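Worksheet: the structure to be examined is printed underneath.
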Amino acid sequence: MRRRGLDFRRPVRKRFPNVVWWTVCGILVLVLIVVLSREGQIESKPTISRKPYRRDRIMEGVTVTDEMLSSNSVTRQLTDQISLAKAFVVIAKESNNLQFAWELSAQIRNSQALLSNAATRRTPLTVGESETAIRDMALLLYQAQQLHYDSATMLMRLRAKIQTLEEQMSSANEKSSKYGQIAAEEVPKSLYCLGVRLTTEWFGNANLQKKHRERKQMDAKLKDNSMYHFCIFSDNILASSVVVNSTALNSKNPDKIVFHLVTDEINYAAMKAWFTVNSFQGVTVEVQKFEDFKWLNASYVPVLKQLQDSETQSYYFSGHNDDGRTPIKFRNPKYLSMLNHLRFYIPEVYPALKKVVFLDDDIVVQKDLSGLFSIDLNGNVNGAVETCMETFHRYHKYLNYSHPLIRTHFDPDACGWAFGMNVFDLVEWRKRNVTGIYHYWQERNVDRTLWKLGTLPPGLLTFYGLTEALDPSWHVLGLGYTNVDPQLIEKGAVLHFNGNSKPWLKIGIEKFKPLWEKYVDYSHPLLQQCNFH
């Protein structure tokens, strides 16, 4: 291609004006940025001004002044010295260095006096007036470090002290539990006196025996399933009397109530005498002794068979075969008492009955219980109030889940329930052979590896899947060991004094005793003779 001639070439554009133009634009942009940044600073000032207000809100309610927040605060320095000195006072006393502890205490009082004066006059401490106190305290703190009262030593000593206190607390708790258990098992002199006097009265009064026989022969209510049948298994005369009396006084139809009371040979005469002499609003009371039950023998009852075992006898009665490793409450022979285990044989004890309400002797009734007999158990055997509001009342609390038999058959989080007020459908009981289930588990616990204590664990196993939950107001527990909400007590139909602090004992909880004592007639001649009050 041929090039154009010089005259015909395009003229070259001058670039200088373009450079100037871009320079001017850049300056304008920079000016705009500066202006905008200044406006942002002005707008952000209100936010910055809120910071002191936020700090004031944080410090609200705390005795902290602006002077103390300063990095050169004399007040804060004195306060820190006092805190450290107080810790050294404790260590010095434990080391038996009483002179040094006294010097520290004196200097602490001196520094506190300075702080108090400054607070009173509402002006901060000056360096001049606090210099001597700070220097003197610093010298004492340095001396404490020389005596090895440093942080490491303090921690080591405090840990040792905590360990000692924990051991003392554990020992005190063990003693308290042991003595509390002994006190709970004690038979009060007045109760023992009542039993002796009633037994004497029974065997010395022919008319009393005749009256009892006549009443027993005439009573057709004992097997009448249209009546309200209650059963108690107890050797405590007064406690059983309170159960019967409170039920009668709060019943709408006391003449329809039948109490079936089973006791032992020792208390049999006294029980018969008491319930023959006294009437309870027309309530029928039957008294039996379990020694008369011919079917109750070692070949049928696992508990009686276990009592014949020498190892079991040693465990419950000698207390010397495990060096005291087992708590005393687990070794209480009452847990082998037939009165305690008779609740698992109710259909055998009352073969003619279809429905029974079981009551412990440490309860008091304060509402009509006839409604219990119309509750539909939905094919279940046991109607009971559940106690799993807290985690420690679930199955894993009572049973040994390290044992494969327990682990494979029962949910550890299954809800526990309470003995003491239970509705039993005896027709379903017999149909499902519930007593046989109880025997199965009792025989497998000869070595006490499935559970340790009482009748509730075997009850949980026996009635697993056979229990209908009742309204909690039917049965209020805890009056024998803990604090119970007054509203629950007011609404409760049955109040249960479960625990060691029974209301007839001196160790009973004082504020709950009146709930039980109002059903005791302290004007009764026999009670007065035995110093009941």
Side-chain angles (χ1 to χ4, degrees), residues 182-217 219 230-249 254 257-292 333-334 337-340 342 359-365 480 497 500-508 513-533:
I182 292 171
E185 294 168 15
E186 174 197 10
V187 177
K189 291 181 180 179
S190 54
L191 198 57
Y192 178 77
C193 166
L194 180 62
V196 171
R197 288 185 177 273
L198 283 169
T199 302
T200 304
E201 180 70 17
W202 175 260
F203 288 108
N205 190 336
N207 291 329
L208 190 61
Q209 297 181 30
K210 182 180 178 181
K211 183 179 179 182
H212 174 76
R213 285 193 300 269
E214 291 174 351
R215 183 182 295 179
K216 190 172 182 180
Q217 290 172 357
D219 227 326
F230 298 86
C231 62
I232 309 172
F233 308 131
S234 174
D235 57 0
N236 188 319
I237 300 165
L238 194 62
S240 301
S241 176
V242 167
V243 176
V244 174
N245 193 31
S246 61
T247 305
L249 290 174
I257 293 176
V258 180
F259 267 96
H260 304 270
L261 199 154
V262 180
T263 188
D264 54 17
E265 181 75 42
I266 297 172
N267 296 281
Y268 184 49
M271 286 280 193
K272 288 190 293 183
W274 180 262
F275 287 102
T276 302
V277 168
N278 299 286
S279 61
F280 299 90
Q281 307 293 317
V283 168
T284 301
V285 182
E286 176 193 29
V287 179
Q288 297 174 279
K289 58 178 178 178
F290 71 80
E291 287 88 352
D292 287 340
K334 80 173 186 178
S337 166
M338 273 316 304
L339 289 176
N340 221 28
L342 209 56
L359 297 174
D360 266 339
D361 64 0
D362 56 351
I363 64 102
V364 66
V365 177
F497 291 82
N500 284 339
S501 301
K502 303 299 184 189
W504 56 84
L505 298 175
K506 290 182 179 179
I507 61 172
K513 279 186 177 183
L515 297 169
W516 185 85
E517 289 177 336
K518 68 180 180 179
Y519 296 106
V520 179
D521 181 11
Y522 288 107
S523 64
H524 195 288
L526 283 172
L527 298 187
Q528 289 188 343
Q529 290 170 21
C530 291
N531 294 321
F532 279 97
H533 51 79

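Only a predicted model underlies this, so the values are computations on that prediction, with no experimental measurement involved.
Leu339 contributes atom CG, which lies 5.0 Å from atom CZ of Phe290 (distance to the nearest 0.5 angstrom). Atoms SG and NE2, on Cys530 and His524 in that order, are 10.5 Å from each other to the nearest 0.5 Å. Here CG of Leu261 is found 4.5 Å from OG of Ser240. Values are rounded to the nearest 0.5 Å. Note: Asp360 CG to Asn340 CG = 8.0 Å, rounded to the nearest 0.5 Å. The line from OG of Ser246 to CG of Leu359 is 8.5 Å long, rounded to the nearest 0.5 Å. Leu342 contributes atom CG, which lies 11.5 Å from atom CG of Asp264 (distance to the nearest 0.5 angstrom).
Closest non-hydrogen pair, Pro503 versus Lys513, comes out as O-CE, 3.7 Å. Nearest heavy-atom pair, Gly195 versus Thr199, reported as atom, atom and distance to 0.1 Å: O-OG1, 2.7 Å. What you find for Leu238 and Leu527 is that their closest heavy atoms are CD1-CD2, 4.2 Å. Between Leu208 and Glu201, the closest heavy-atom pair is CD2-CG, 4.0 Å. The two atoms that bring Ile363 and Val365 nearest to each other are CD1-CG2, 3.7 Å, heavy atoms only. Considering all non-hydrogen atoms of both residues, Val283 and Pro254 come closest at CG2-O, 3.5 Å.
Centroid-to-centroid, the aromatic rings of Phe280 and Phe259 stay 6.0 Å apart or farther.
Under the 3.5 Å distance criterion, the side-chain polar atoms of Asn245 are matched with a main-chain donor or acceptor of Tyr519. Side chain of Asp521 to main chain of Ser523: a donor-acceptor pair is present (N/O by atom type, distance under 3.5 Å, no hydrogens or angles). Between the Lys502 side chain and the Phe497 main chain, a donor and an acceptor come within less than 3.5 Å of each other. Proximity of a side-chain donor or acceptor of Thr276 to a complementary backbone N or O of His212 within less than 3.5 Å is not detected. Within the 3.5 Å criterion, the main-chain N or O of Gly508 finds no donor-acceptor partner in the side chain of Ser501. In this structure, Gln288 contributes its side chain and Val262 its backbone to no donor-acceptor pair below 3.5 Å. Panel note: side chain Asn267, backbone Ala270; no donor-acceptor pair is recorded below 3.5 Å.
Only one option out of Arg197, Lys272, Met271 pairs with Trp202 in a side-chain contact (heavy atoms from CB on, under 4.5 Å); it is Lys272.
A heavy-atom distance below 4.5 Å is found between the side chains of Tyr522 and Glu517. Counting only heavy atoms from C-beta outward, the side chains of Val243 and Asp362 never approach each other to under 4.5 Å. Under the 4.5 Å side-chain criterion, counting only non-hydrogen atoms from C-beta, Ser234 is not in contact with Thr263. A heavy-atom distance below 4.5 Å is found between the side chains of Leu249 and Gln281.
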Q: Would you check, one step at a time, whether the test side-chain contact (heavy atoms from CB on, under 4.5 Å) holds for Cys193 with Phe532?
A: CA-CA 10 Å; Cys193 166; Phe532 279 97; over 6 Å; no

Q | Test side-chain contact (heavy atoms from CB on, under 4.5 Å) applied to Val287 and Tyr268, step by step | A | CA-CA 8 Å; Val287 179; Tyr268 184 49; 4.0 Å; yes

Q) Where do Leu198 and Ile237 land on the side-chain contact (heavy atoms from CB on, under 4.5 Å) test, with the steps shown first? A) CA-CA 10 Å; Leu198 283 169; Ile237 300 165; 4.0 Å; yes

Q. Between Trp504 and Asn236, does a side-chain contact (heavy atoms from CB on, under 4.5 Å) hold up when you go through it step by step?
A. CA-CA 10 Å; Trp504 56 84; Asn236 188 319; 3.4 Å; yes

